[in-house]
**Student:** 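One structure, as structure tokens, below. Some questions next.
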2 protein chains.
Amino acid sequence: MTDIEMRQEDHFDHRSPPSGPAGPGAPRVTLKEIAAHAGVSRSTVSLVMQESPLVAETTRTRVQASAQALGYVYNRGAAMLRSARTATVGVVVHDIANPFFGAMVAGIDDVLQAAGYVPFLANSGDSPARQERFLTRMREQHVDALLLCPAEETPPALIDTLATWQLPCIQLMRHLGETPQGDYVGADIRQGVHDAVAHLVSLGHRHITLLAGDSDHSADRERLDGYRQAMQAAGLEVESRVLRGELTRGAGLQRTLALLDEAAAPTALICHNDLVALGAILALQRRGLRPGLDCAVVGIDDIDEAALTHPALTSVATHPEAIGRAAAELALARIADPQGAPARIVLPATLEIRDTTSTSPRREQESS
Amino acid sequence: MTDIEMRQEDHFDHRSPPSGPAGPGAPRVTLKEIAAHAGVSRSTVSLVMQESPLVAETTRTRVQASAQALGYVYNRGAAMLRSARTATVGVVVHDIANPFFGAMVAGIDDVLQAAGYVPFLANSGDSPARQERFLTRMREQHVDALLLCPAEETPPALIDTLATWQLPCIQLMRHLGETPQGDYVGADIRQGVHDAVAHLVSLGHRHITLLAGDSDHSADRERLDGYRQAMQAAGLEVESRVLRGELTRGAGLQRTLALLDEAAAPTALICHNDLVALGAILALQRRGLRPGLDCAVVGIDDIDEAALTHPALTSVATHPEAIGRAAAELALARIADPQGAPARIVLPATLEIRDTTSTSPRREQESS
DNA sequence: TCCGTCATTTGGATCGATCCAAAACGTCAA
DNA sequence: TTGACGTTTTGGATCGATCCAAATGACGGA
């Protein structure tokens, strides 16, 4: 369905300048030159470049040969000026260094490349100002669609702004406003956290603390809802506890250290993401406690490292690559049909049980 | 020196459509409309957009007000068609999920943003084919310069190809060919590894294994050279040992496990990067060995996690952010003066000693 | 032979910002 | 008053690919 827009000269070779002229002041090769060389009109060459089915096979190969021979370089600027499409999709995430997003971007890349689109990646570093600059630039570049994992504190009106820009936007993992406005792809984290709590409760845990993010966006609320709901269902609401803070490994470490110093330390931790969970594990180890034995830890995302670390981390798997793929496919669909009804894709989040939730809590064991 | 190219409308607000028309079929606002609205010519408006010093202050503010009022969007395609510069720099790295590159990209972003340039980021995933696609696309986009951390197995002729493309290219961390051709920014890893070996030797280690990458690029050779040189200087050449393999945490884990099963296990490991080192630490822990006591471990890069992990990882600090900044600055200089002599910037790499090399090797202790 | 049909091909016209040479406007000294 | 000079402003011409309506060519049936 999606038309392939790869061009022949995408496959360049590494021989020195082609047969054509390519000196220091070489005039740029244009469609006109190719047309002359191949004995056709500019229009036909243009059609060949667009992989249009209108041109005859023999003409196509002849034109492609000429383009190759002259060392032609497609001029996106000129194309962009005339046509609405650019075969480019903007991707803005808030923390590219988090392996979760690395995997997600890989999934996005795969789908887009296969469809002849190219991702234009940017890292907002969770700064709304940076994010704005990138979005503006992407609009100037006429990207066909936007995949956005919004920075914290992004004003909810951003989605409306993008709508007036007529720029299709797919929100990933986080969404602005109470319910997702417009297209959204994410994981069912509420359910995942719910399952995690239920699992901990079934092991006998009662004091379960949630290490949440320090700002109030949708991804944070989902975790909180799942947590509260499950604690309530287990009749443990009064013992529930939420700690807010930064979402890095270092912050997770510090927060957990502080937590362990308190009188009523929890027997189990559910962490906003795996980075925080890995920080928590480090904190436990520094205090001479054994994760999974002295205190259970559950992460969220199930990044590769979760299964590798020692002890292996129980985590709610959010399947970043699948989310990236789904989002990219949705973007392509939205480009094809901008007026279609907004989609909200929520992939299941499954609890991967490993060593950090292997046994019942100590206190329970002692009392039994 | 470098002319600032930021435009006024970079700072948009989130109010609904500006006073101008912005319905579903809104005609795009162009310089012509702004000119009419402000009572000047297209040319003048163009000059304002370019922040040219030629226009009078009063005219400038009037034009900017009109642009704002009409909801103008700069059209990079049209600009690109006419002018040689695009205020865009391509950045291609081979593993964006590695925190080292996350930090490096942050440094690049800072410098470029400050100069009014925008990074166009791409992740080759160490695949030369992907890398080629991105480079081609960036040429089509007329990026002003390229910051390239080449994928493994990249044909060395690529640099010549880029030269014939007349595209300034700065190589980062890795370079193609024996000695860097063209501009290069990296860290003095040879010296860093040398220092690491010397440090281990001073602690009494004799069996020091290097966990290297599985392909033969410059960054790999530097490590090898530093290692060989230092081992030789210590008279330990016959005991030196190099193991090649993939450069991920998981691969580091597996390789170390295999290594520990062998008869003549080393007392110290030097790892190609921190990810491999962290994998090695996990392997030791799985075998019930204590990193730093039963076997020393040294990483390279000094990513944030190195200091946090338990036990804290000794690492050769390569200062990714500083490297990113230096490279971006060099790129700006190269854009300003394309004919300048190629620069080769090598920043010092310093050994950060932590817990994983805290004590003398066991065997030595036993024998003493 | 002529005409309709289908598959290809083709010349402008066009997109919107930039470049350039030249014009307009002051200002001031001769 | 004139002219020289410095500062601002301006009207085409232009970049190179795409769009569109119309032309061309080939073929088969009447």
Side-chain angles (χ1 to χ4, degrees), chain A residues 3 5 7-9 25-63 66-67 70-88 139-142 144, chain B residues 3 5 7-9 25-63 66-67 70-88 139-142 144:
Chain A
D3 52 332
E5 303 208 20
R7 235 154 281 86
Q8 189 65 21
E9 20 61 80
R28 253 202 282 281
V29 179
T30 73
L31 290 195
K32 201 162 87 179
E33 275 96 275
I34 299 177
H37 188 274
V40 292
S41 73
R42 283 189 344 272
S43 305
T44 305
V45 180
S46 174
L47 290 173
V48 171
M49 292 307 162
Q50 298 171 72
E51 297 270 291
S52 159
L54 289 176
V55 290
E57 191 52 39
T58 58
T59 322
R60 164 194 262 66
T61 54
R62 190 152 40 97
V63 169
S66 296
L70 297 176
Y72 173 68
V73 180
Y74 186 69
N75 186 328
R76 277 199 187 272
M80 189 188 299
L81 181 54
R82 192 77 180 96
S83 101
R85 304 268 281 276
T86 56
T88 306
R139 179 156 81 134
E140 293 176 358
Q141 293 278 9
H142 291 178
D144 294 334
Chain B
D3 53 334
E5 302 209 19
R7 237 155 280 86
Q8 189 65 22
E9 19 61 78
R28 252 202 284 280
V29 179
T30 72
L31 289 195
K32 202 163 86 177
E33 275 95 276
I34 299 177
H37 188 273
V40 292
S41 73
R42 282 187 345 272
S43 306
T44 305
V45 179
S46 174
L47 290 174
V48 171
M49 292 306 160
Q50 296 169 73
E51 298 270 292
S52 160
L54 289 177
V55 290
E57 192 49 41
T58 60
T59 322
R60 163 192 262 73
T61 55
R62 190 152 40 98
V63 168
S66 296
L70 297 176
Y72 173 69
V73 180
Y74 187 68
N75 187 329
R76 290 220 113 68
M80 188 189 299
L81 181 55
R82 194 78 180 91
S83 100
R85 304 269 277 275
T86 57
T88 306
R139 179 155 81 134
E140 294 174 0
Q141 294 277 10
H142 290 176
D144 294 334

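Predicted model only: the values in this text are computed from it and were never measured. The sequence lines fix the lettering, A, B, ..., with proteins before strands; numbering per chain opens at 1. Below, all heavy atoms of this structure are taken into account, side chains as well, without hydrogens, waters or symmetry copies.
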**Student:** Once you apply a heavy-atom cut-off of 4.0 Å, does Ser43(B) come out as touching a base, just sugar-phosphate, or nothing?
**Tutor:**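 Touches a base.
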
**Student:** Treating Arg62(A) as the side-chain partner and Ala38(A) as the backbone partner, does any N or O pair qualify as donor plus acceptor under 3.5 Å?
**Tutor:**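 Between the backbone of Ala38(A) and the side chain of Arg62(A) there is a qualifying donor-acceptor contact (under 3.5 Å).
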
**Student:** Do you know which two heavy atoms are closest between Arg42(A) and Lys32(A), and how far apart they sit?
**Tutor:**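 The pair with the smallest heavy-atom distance is CG-CA, 3.9 Å.
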
**Student:** For the residue pair Ser66(B) and Val63(B), establish whether any side-chain heavy-atom pair is separated by less than 4.5 Å.
**Tutor:**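 No, side chains not in contact.
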
**Student:** Across the strands shown, which category fits Ser46(A) at heavy-atom distances under 4.0 angstrom: base, sugar-phosphate, nothing?
**Tutor:**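 Since a base atom lies under 4.0 Å of Ser46(A), the category is base.
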
**Student:** Name the pairs: protein N/O against N/O of nucleotides 6-9 of chain C, kept only if under 3.5 Å.
**Tutor:**
from   : atom 1 : to       : atom 2 : distance (Å)
dT9(C) : OP1    : Thr59(A) : OG1    : 2.5
dT9(C) : OP2    : Ala56(A) : N      : 3.1

**Student:** Look at the side chain of Arg60(A) and the backbone N and O of Pro53(A), then say whether any donor-acceptor pair between them is shorter than 3.5 Å.
**Tutor:**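 Absent.
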
**Student:** Taking Met80(A)'s backbone N and O only, do any of them form a donor-acceptor pair with Ser83(A)'s side chain (distance below 3.5 Å, no angle check)?
**Tutor:**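 Checking the backbone N and O of Met80(A) against the side chain of Ser83(A), no donor-acceptor pair under 3.5 Å is found.
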
**Student:** Using a 3.5 Å cut-off on both pairing distances, which stems of three or more Watson-Crick or G-U pairs include DNA chain C?
**Tutor:**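 Stem segments, range with range: C:1-30 with D:1-30.
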
**Student:** Quick one: closest heavy-atom pair of Tyr72(B) and Leu31(B), and the distance?
**Tutor:**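 So the minimum-distance heavy-atom pair works out to OH-CD2, 3.5 Å.
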
**Student:** Could you check Val55(A), Ile34(A), Val45(A) and say which one makes a side-chain contact (heavy atoms from CB on, under 4.5 Å) with Val40(A)?
**Tutor:**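 Per the side-chain contact (heavy atoms from CB on, under 4.5 Å) rule, the option paired with Val40(A) is Val45(A), out of Val55(A), Ile34(A), Val45(A).
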
**Student:** Checking side-chain contact (heavy atoms from CB on, under 4.5 Å) between His142(B) and each of Thr86(B), Thr88(B), Leu81(B), which is the one that passes?
**Tutor:**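 With His142(B) as partner, Thr86(B), Thr88(B), Leu81(B) yield a single side-chain contact (heavy atoms from CB on, under 4.5 Å), made by Thr86(B).
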
**Student:** Are Ser41(A) and Thr44(A) close enough that a side-chain donor and a side-chain acceptor fall under 3.5 Å?
**Tutor:**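 Looking only at side-chain atoms, Thr44(A) and Ser41(A) do form a donor-acceptor pair, the distance falling under 3.5 Å.
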
**Student:** Given the rule in the side-chain hydrogen bond (donor to acceptor under 3.5 Å, both in side chains) test, do Thr61(B) and Glu57(B) qualify, once you have shown the distances and angles that lead to the verdict?
**Tutor:** CA-CA 6 Å; Thr61(B) 55; Glu57(B) 192 49 41; 5.5 Å; no

**Student:** Chain B on DNA chain D: first and last contacting nucleotide, 5' to 3', under 4.0 Å to a heavy atom?
**Tutor:**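 The contacted stretch runs from dT8(D) to dG16(D).
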
